[in-house]
Amino acid sequence: MRNNAPLQNLDDALAQLLAAVQPLAQTESVPTAQALGRVLAVDVIAALDVPPGDNSAMDGYALRAADVPAPGTVLPVSQRIPAGVVGQPLQAGTAARIFTGAQIPTGADAVVMQEQCEALAEADGGGAAAVRIQIKPLHGLAIRRRGEDVARGSAVLKQGTRLTPAALGLAASVGAALLGVTRRPRVALFSTGDELVMPGEVAPEDMPPGAIYNANRYTLSGLLQALGCEVTDLGLVPDQLEATRAALRVAAEGHDLILTSGGVSVGEEDHLRPAVQAEGRLDLWQIAMKPGKPLAFGVIGGGAGGTWFIGLPGNPVSSLVTFLLLVRPVLLRLQGVPVALLGMPRGLPLRSAFRRTKADSRREFVRARLDAEGNVTVYPNQSSGVLTSMVWADGLVDIPAGTLVEPGQTVSFIPMSFLQ
Ligand code: AMP
Ligand code: MG
């Protein structure tokens, strides 16, 4: 084991993880309304044009542009076309009252919005009998063309796309009621640490000396669920080699990934390393990043049927940041997102509102937020145990190793939304 090995570069570690895991082969068909966050296993092909026909972008009057040679032209209103109604072919020299989304009648080639029209003389059934057009319309005005959003036969959403609300809407707009997605990754989760107790089991006033609540179980379970995983929560495992080995064997059954927190440092109370070595194979990485130096990666069970293992550090901020930067891409890769989309997120170049006077030998991800001017501020306590900093932050500043920062300098800000 390379305890004294040089620190591993973060980008290299991520590339190695992404090269190791392959997308899950199984797919399933799910109702579009329930597919949020899932990853498409097949392209969604449009079976029709969207919009399916030319329609009006405005409430107004549909007409032939050539019938309005100058502003002030008056045209009789020959019909009324609400959305969902198909009008008659437009009689020459007349206008049709039309509403947003209604199909353009044959013969009309422009719509003038009602704000640029004056309705004249009430017709029998309500509405205007004639209309004065206050502008000289150009051909095509305020018409949404058939197929301008989506052309029939095109792939509106590609395999490997993670389904956002907008993507679900687009799939629905081409009539897709079911979507083919990769099955959910099955992840077994457990925490290690004899100091940990569970909220609800031990009341704050009954906390034994030295105990703390298990925060990571909740954070990691939440992160996994948000990434579309099925989580088997195996709770807390004692800091003992045999118990850890037994937990790994249970976790390897029926799961794609085992995720743990704590116990991956090199102290003698850190049992994950020997346990994983006994039950499979392990790479323990000392990654050149802060927070989150130690990260364990391996396979339990061996062979083709083995289960991936990732052990995160126990410090709550370390486990969260390493999850976002290293585990999240793995889980998306398992679901078929292309590797090219899963590299280290490129930060936005923004102005620093903070000063950093001490350079760190490791690349650091500092919990940060934008101030009212849009400049980057940082949380005052950057300790890897201070979970408050993660709740406060809307992003991470990616500071290269050995770098000082002055106010006004450009820094690289990774919004949390890039890490969802
Ligand atoms: P470890 O990685 O096990 O050496 O733990 C590093 C630090 O993180 C210690 O201070 C632990 O008490 C703390 N820690 C470990 N696991 C958790 C957890 N699940 N929730 C909150 N803190 C934890
Ligand atoms: Mg521990």
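Whatever order the structure lists ligands and atoms in, that order sets their numbers, starting from 1.
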Atoms of ligand 1 close to S261 [distance to a heavy atom under 4.0 angstrom, numbered from 1]: 19 (N)
Closest contact, heavy atoms only, Q225 versus V231: CG-CG2, 4.0 Å
For atom 22 (N) of ligand 1, closest protein heavy-atom neighbour: I212 CD1, 3.4 Å
Atom indices of ligand 1, in the order listed, that fall short of 4.0 Å to a heavy atom of P316: 21 (C), 22 (N)
Best match, G267, P313, G314: closest heavy atom to atom 15 (C) of ligand 1: G314
Per-atom contacts of ligand 1 with N214, taking only distances under 4.0 Å to non-hydrogen atoms: 18 (C), 19 (N), 20 (N)
Side chains of H271 and T192, donor plus acceptor under 3.5 Å: no
Beyond-backbone contact of Q103 with I81, side-chain heavy atoms, under 4.5 angstrom: no
L196 contact mode with ligand 1 (heavy-atom cut-off under 4.0 Å): side chain
Nearest protein heavy atom with distance in Å, relative to atom 10 (O) of ligand 1: N315 OD1, 4.2 Å
Mutual orientation of the aromatic rings belonging to F297 and W285 [parallel < 30°, tilted 30-60°, perpendicular > 60°]: tilted
Taking atom 18 (C) of ligand 1 as the reference point, the nearest protein heavy atom with its distance: N216 ND2, 3.3 Å
Minimum heavy-atom distance between L14 and M344, given as atom pair plus value: CD2-N, 3.5 Å
Heavy atom of the protein closest to atom 1 (P) of ligand 1 (residue, atom name, distance): G263 N, 3.7 Å
CG on L324 to CG on L227, rounded to 0.5 Å: 8.5 Å
Residue part near ligand 1, for E195, under 4.0 Å between non-hydrogen atoms: side chain
Proximity flag G193 to ligand 1, non-hydrogen atoms under 4.0 Å: no
Short side-chain to backbone donor-acceptor contact, T322 and S318, under 3.5 Å: yes
Under 3.5 Å donor-acceptor, R328 side chain and Q420 backbone: yes
Which residue and heavy atom of the protein sit nearest atom 20 (N) of ligand 1, plus the separation: A215 N, 3.0 Å
Ligand-residue contact atoms, ligand 1 with Y213, heavy atoms, under 4.0 Å: 20 (N), 21 (C)
Test item: T403 side-chain N/O and I399 main-chain N/O as donor-acceptor pair under 3.5 Å: no
